Chemist: 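Before I ask anything, here is the structure I am working with.
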Amino acid sequence: MRKSGAVWLLTAVLLVSGCGNGGAQDDHAGEHAAEHEVDHHLQEHGSQHKLSNGDLQELTSSGEVLPSFLDGKSNDIRAVYSIAAQITDVLPYIPCYCGCGESAGHESNLNCFIKEVREDGSILWDDHGTRCGVCLDIAVESAKLKSEGKSLSEIREAVDAKYENGYAKPTPTPMPAS
């Protein structure tokens, strides 16, 4: 039950914080070209790359190896990144409501933490979630609901209901299969 208590504590802490897009809009066509450039850079040089929207991305060998941009962050933030790596089957179907769909081109809450899980198991991490309480809260809530045995559809419905009013436009996230 210690994990459950930690999740609730983290949820409570995250509820008092949040992030927004600050009206920032990125050119999505340029963003996709930049993604190819990031991939090429990371393959040749490893480590981190900064995107035009200010987010850092870093490639690690697996979800068990957290990115170095978390080194100075709180244990709570590090824990949410670990959680995100453990529920990559859930987060692609859960929208984020912080505005990152428009400001950073994210497609789901997963992208706030993980840009891509590659076939070899390596992970391209994104540091957006380190600065956003909404992103962190949605990931924790999703993990909590999964641990309670909720289906993808039930998790999605709960997140949509909680964030549909008073938050930014959701990411363009596909619905889970019924």
Side-chain angles (χ1 to χ4, degrees), residues 1-24 26 38 42 46-118 121-148 150 155 158-159 162-163 166-168 170-171 173:
M1 285 296 152
R2 181 178 170 169
K3 257 188 185 178
S4 178
V7 169
W8 281 111
L9 174 63
L10 181 58
T11 301
V13 168
L14 297 175
L15 285 174
V16 299
S17 62
C19 74
N21 65 3
D26 281 354
V38 169
L42 291 171
S47 76
Q48 298 179 352
H49 181 78
K50 192 168 200 163
L51 300 178
S52 61
N53 67 4
D55 287 355
L56 276 178
Q57 291 186 341
E58 182 176 337
L59 186 66
T60 67
S61 60
S62 73
E64 294 164 4
V65 180
L66 292 175
S68 64
F69 62 69
L70 293 176
D71 289 351
K73 304 299 179 191
S74 72
N75 288 336
D76 288 343
I77 289 175
R78 295 174 63 82
V80 178
Y81 270 79
S82 286
I83 288 168
Q86 294 169 31
I87 60 169
T88 58
D89 59 327
V90 173
L91 293 181
Y93 300 103
I94 308 302
C96 189
Y97 284 82
C98 79
C100 62
E102 294 180 354
S103 68
H106 291 176
E107 295 177 7
S108 72
N109 185 248
L110 180 67
N111 297 143
C112 302
F113 310 96
I114 296 174
K115 170 64 179 165
E116 177 185 10
V117 178
R118 299 190 172 173
S122 62
I123 293 188
L124 182 57
W125 299 92
D126 192 296
D127 81 331
H128 178 85
T130 65
R131 300 179 302 282
C132 185
V134 173
C135 302
L136 293 164
D137 188 36
I138 290 171
V140 169
E141 180 74 11
S142 299
K144 176 186 159 296
L145 293 170
K146 180 181 180 180
S147 73
E148 293 172 357
K150 302 294 185 192
I155 297 168
V159 169
K162 182 174 180 178
Y163 292 93
Y167 291 89
T171 53
T173 306

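Keep in mind that the numbers below use all heavy atoms, side chains included, and drop hydrogens, waters and symmetry copies. As the structure is a computational prediction, the values presented were derived from the model and not from experiment.
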Chemist: May I ask you to test the Cys112-Cys100 pair for a side-chain heavy-atom distance under 4.5 Å?
Modeler: yes

Chemist: Once rounded to the nearest 0.5 Å, what's the spacing between atom OH of Tyr81 and atom CD1 of Ile83?
Modeler: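 One finds 12.5 Å between OH of Tyr81 and CD1 of Ile83.
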
Chemist: Sequence neighbours left out, what passes salt bridge (charged side-chain N to carboxylate O under 4.0 Å, His left out) with Lys73? Give chain and number order.
Modeler: none

Chemist: Run the side-chain contact (heavy atoms from CB on, under 4.5 Å) test on Val159 and Ser142 for me, step by step, so that the C-alpha distance in whole Å, both residues' side-chain angles and the decisive distance to 0.1 Å come before the verdict.
Modeler: CA-CA 8 Å; Val159 169; Ser142 299; 4.0 Å; yes

Chemist: Kindly write out the residues that satisfy side-chain hydrogen bond (donor to acceptor under 3.5 Å, both in side chains) with Ser68, not counting sequence neighbours, or none if the list is empty.
Modeler: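 Only Gln48, Glu58 meet the side-chain hydrogen bond (donor to acceptor under 3.5 Å, both in side chains) criterion with Ser68.
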
Chemist: Can you tell me how far apart OH (Tyr97) and OH (Tyr167) are? Round to the nearest 0.5 Å.
Modeler: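 Between atom OH of Tyr97 and atom OH of Tyr167 there are 11.0 Å.
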
Chemist: Search all heavy atoms of Ala158 against all heavy atoms of Leu145 and return the closest pair with its distance.
Modeler: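 Looks like CB-CD1, 3.7 Å.
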
Chemist: Rounded to the nearest 0.5 Å, how far apart are CH2 of Trp125 and CG of Leu70?
Modeler: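 Atom-to-atom, Trp125:CH2 and Leu70:CG are 7.5 Å apart.
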
Chemist: Any sub-3.5 Å donor-acceptor pair from Asp127's side-chain atoms to Leu56's backbone N or O?
Modeler: yes

Chemist: Is there a donor-acceptor contact under 3.5 Å from the side chain of Thr171 to the main chain of Cys96?
Modeler: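 Yes, Thr171 side chain to Cys96 backbone: donor-acceptor pair under 3.5 Å.
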
Chemist: Which pair of non-hydrogen atoms, one from Gly63 and one from Ile123, has the smallest distance, and what is that distance?
Modeler: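 Result for this residue pair: CA-CD1, 3.4 Å.
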
Chemist: Apply side-chain hydrogen bond (donor to acceptor under 3.5 Å, both in side chains) to Asn111 and list each qualifying residue two or more places apart in sequence or on a separate chain.
Modeler: none

Chemist: Please check: side-chain N/O of Ser122 versus main-chain N/O of Arg118, any donor-acceptor pairing under 3.5 Å?
Modeler: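 Looks like no, no N/O pair under 3.5 Å.
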
Chemist: Could you walk me through whether Lys146 and Asp89 pass the salt bridge (Lys or Arg N to Asp or Glu O under 4.0 Å) test, one step at a time?
Modeler: CA-CA 10 Å; Lys146 180 181 180 180; Asp89 59 327; 2.9 Å; yes

Chemist: Working to the nearest 0.5 Å, report the span between CG of Asp55 and CZ of Phe69.
Modeler: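 Between atom CG of Asp55 and atom CZ of Phe69 there are 9.0 Å.
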
Chemist: Looking at Ala139 and Leu91, what are the two nearest heavy atoms and their distance?
Modeler: CA-CD2, 4.2 Å

Chemist: With heavy-atom distances below 4.5 Å as the criterion, would you say the side chains of Asp126 and Leu51 are in contact?
Modeler: yes

Chemist: For a quick test of reading the model, state the closest non-hydrogen atom pair linking Cys135 to Asn109 and the distance between them.
Modeler: O-ND2, 3.3 Å

Chemist: What distance separates Cys98 SG from His128 NE2, expressed to the nearest 0.5 Å?
Modeler: 3.5 Å

Chemist: Mind checking whether His106 and Thr173 have side chains closer than 4.5 Å, heavy atoms only?
Modeler: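 No, too far: nothing below the 4.5 Å cut-off.
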
Chemist: Would Thr60 and Leu66 count as a side-chain contact (heavy atoms from CB on, under 4.5 Å) if you check the C-alpha gap in whole Å, the side-chain angles of each, and the deciding distance to 0.1 Å?
Modeler: CA-CA 7 Å; Thr60 67; Leu66 292 175; over 6 Å; no

Chemist: Below 4.5 Å, heavy atoms only, C-beta onward: do Leu136 and Ile77 meet side chain to side chain?
Modeler: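 In contact.
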
Chemist: Please round to the nearest 0.5 Å and tell me the distance separating atom CG of Leu59 and atom CD of Glu116.
Modeler: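 Going from CG on Leu59 over to CD on Glu116, the span is 8.5 Å.
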
Chemist: Would you say the side chain of Tyr93 lies within less than 4.5 Å of the side chain of Ile155, judging by non-hydrogen atoms?
Modeler: no

